[in-house]
Amino acid sequence: MGLFSKPKQKEELMLVFNIGSSSIGGALFYAQPSGAPKIIFSARESIAIEEKFNIDRFLDFTLQSLEVVAKQIYEARLGAPSRIFCVLSSALYISQTRIITLEKNTPFIFSEKLADELIQKEIKLFGEEHLDKYEGGDNAVRAIELKNIKTLLNGYETSEPLNQKIKQLEMTLFISMSGEQVLQKIEETIVKFFYFSEIKFSSFAMASFTVVRDIYSQKEDFLLIDIGGEVTDISMIKKNVLHESISFPLGRNFLTRGVASGLGSTLDEANSLISLLKDGHAEEITARKLTPIIDKLKKEWLKSFQEALANLSHDISIPATIYIAIGKDLADFFAETIRTEQFNQYTLTESKFKVIFLNTELLHGFATFKDDVIREPFVIIDAIFINRFIFSK
């Protein structure tokens, strides 16, 4: 599975698509041995939303936006990428951190064959446990991602575990899977413009975890929150291990739909009014109508956030440092909502939440850009992650 593969030594032109639940991003970049990718083109297209979420319609809109972005990158004529990656939002995959343990009375060699046998068994078990999420057809799923987070031999962590004689093994793996039909439709859309026999898929949870862990290497415990269009994802990292993730179906579109319903407006009008209120430009009469609706929605989102934290904790303290990935327009709204949260801050954490945005300012210096390329945090995170994947030891 390439868990212990050796690094490349020369730069390569890569293409990444960030497939979120509110928009699709894409970037063409050079992965470089220096560790800082050079992004030479980027594009983003919103995914249309409807009054009621429907998974089939959502997938159709997602593919339409993906095609728009792929076409823009193709028509830029900046070169043929050597590899293509797709980083998915949690709406399109399931994931879990799993621990493999093996202990024998007599010493044994931890060979590549043994590692592969143990991993394949774990992938099969994971797929069987979550097969019911994918309805219709033959319920086929595909393992899209397998990351070795930590390997312990006889209780000691090592980065070079193969061919060692041991009595005790513990491997911490992050596995993610997606529906085969969904992945095939994504591949079919991309190959209209870029023909590839294989497109590598990954999760934004793993991409953001890896980048934050590397940037803040001294911070071993933290929360990652990705607020997408339809879903909010929370990942808890303890001792630099992606310990557990949880989601709830309230994202930024929940706010838009709630305002539209409360005011009897269209979704576009609701978005405009939210933007005016946020910027302090809403008329007084509009602000009086809108503020109580927003406050009610804020409480509803916060209640789900609190319940998610409680389900994550399992008697383990919740880290107080939070890194948030969200579009710039609503960053302050959700940050303030989290900061004003009372219950869990004093029962599950040691101190008040410290909220840090995964924005272009925080990521400054970890990627370079050609000319006036649009700087977008999501594709920057993806590019840094892929660069590390290509050149990691």
Side-chain angles (χ1 to χ4, degrees), residues 15-28 39 41-76 85-93 182 185-186 189-190 192-193 203-204 207-208 225-233 247 249-261 263 265-279 294 297 301 324-334 357-360 372-383:
L15 173 57
V16 62
F17 292 99
N18 179 274
I19 303 181
S21 59
S22 63
S23 64
I24 305 294
L28 201 60
I39 299 174
F41 186 85
S42 70
R44 184 164 291 277
E45 180 74 11
S46 296
I47 297 173
I49 68 170
E50 294 185 303
E51 290 184 9
K52 291 185 179 180
F53 178 76
N54 176 280
I55 184 62
D56 293 327
R57 296 279 290 169
F58 167 72
L59 288 173
D60 288 342
F61 289 141
T62 296
L63 294 172
Q64 289 171 20
S65 296
L66 175 61
E67 184 166 345
V68 170
V69 172
K71 184 178 181 181
Q72 287 180 349
I73 295 172
Y74 172 76
E75 292 181 344
F85 293 80
C86 288
V87 180
L88 307 177
S89 73
S90 70
L92 298 175
Y93 71 87
V182 172
K185 287 179 180 179
I186 291 173
T189 302
I190 294 172
K192 290 179 183 178
F193 305 95
S203 66
F204 187 71
S208 56
I225 300 180
D226 176 18
I227 304 174
E230 302 297 342
V231 177
T232 293
D233 302 313
S247 302
L250 300 180
R252 55 186 296 138
N253 293 344
F254 157 76
L255 192 63
T256 302
R257 292 187 182 105
V259 169
S261 176
L263 294 179
S265 67
T266 66
L267 295 172
D268 286 340
E269 289 170 342
N271 272 330
S272 297
L273 291 171
I274 291 169
S275 180
L276 287 171
L277 183 69
K278 175 181 66 69
D279 296 335
I294 293 286
L297 295 170
W301 186 91
I324 299 182
I326 187 175
K328 189 175 181 180
D329 56 334
L330 289 176
D332 290 340
F333 170 83
F334 283 103
F357 290 113
L358 297 177
N359 53 27
T360 53
D372 55 352
V373 170
I374 298 171
R375 289 150 170 78
E376 291 199 340
F378 288 91
V379 293
I380 295 173
I381 288 170
D382 294 345

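Residues take their numbers from the sequence shown, with the count starting at 1.
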From CA spacing to verdict: side chain to side chain contact (heavy atoms under 4.5 Å, CB included), L59, K185: CA-CA 9 Å; L59 288 173; K185 287 179 180 179; 5.7 Å; no
Measuring only between side-chain heavy atoms, which start at C-beta, is [X] closer than 4.5 Å to [Y]?
X	Y	answer
N18	L88	no
S247	D233	yes
Y93	S203	yes
S89	I19	no
L28	I39	no
K192	Y74	no
L273	L277	no
F193	E67	yes

Aromatic contact, F58 with F53 (centres under 6.0 Å):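 Ring-ring flag for F58/F53: true, centres closer than 6.0 Å.
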Derivation and outcome, side chain to side chain contact (heavy atoms under 4.5 Å, CB included), residues F85 and D382: CA-CA 9 Å; F85 293 80; D382 294 345; over 6 Å; no
Are the side chain of [X] and the backbone of [Y] linked by a donor-acceptor contact shorter than 3.5 Å?
X	Y	value
E269	T266	yes
S65	S46	yes
S265	S261	no
R57	E50	no
T232	L250	yes
S42	A27	no

[X] side, atom [atom1]; [Y] side, atom [atom2] - distance, nearest 0.5 Å:
X	Y	atom1	atom2	value
T62	E230	OG1	CD	9.0 Å
I274	R252	CD1	CZ	9.0 Å
L297	L255	CG	CG	5.5 Å
S23	L66	OG	CG	11.5 Å
N271	S275	CG	OG	8.5 Å

CD1 (I55) with more than 12 external heavy atoms under 6.0 Å: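 Yes.
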Residues, nucleotides or ligands: over 12 heavy atoms within 6.0 Å of E51 CD: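 Counting neighbours around CD of E51, 12 or fewer heavy atoms of other residues, nucleotides or ligands fall under 6.0 Å, so no.
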Closest heavy-atom pair and its distance - C86, I190: SG-CD1, 3.4 Å
Heavy-atom closest contact (A207 atom, V87 atom, distance):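 So the minimum-distance heavy-atom pair works out to CB-CG1, 4.4 Å.
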Candidate pair F254 and W301, rule side chain to side chain contact (heavy atoms under 4.5 Å, CB included), full reasoning: CA-CA 9 Å; F254 157 76; W301 186 91; 4.1 Å; yes
Carboxylate-amine/guanidinium contact R44 E376, below 4.0 Å: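 Yes.
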Basic-acidic side-chain contact under 4.0 Å: K71, E45: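 Between E45 and K71 there is no salt bridge, as every charged N stays at least 4.0 Å from the carboxylate O atoms.
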Polar side chain donor-acceptor pair, T360 to R375, under 3.5 angstrom: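 No, R375 and T360 have no side-chain donor paired with an acceptor closer than 3.5 Å.
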Chi angles and distances behind the side chain to side chain contact (heavy atoms under 4.5 Å, CB included) call for V16, F378: CA-CA 11 Å; V16 62; F378 288 91; over 6 Å; no
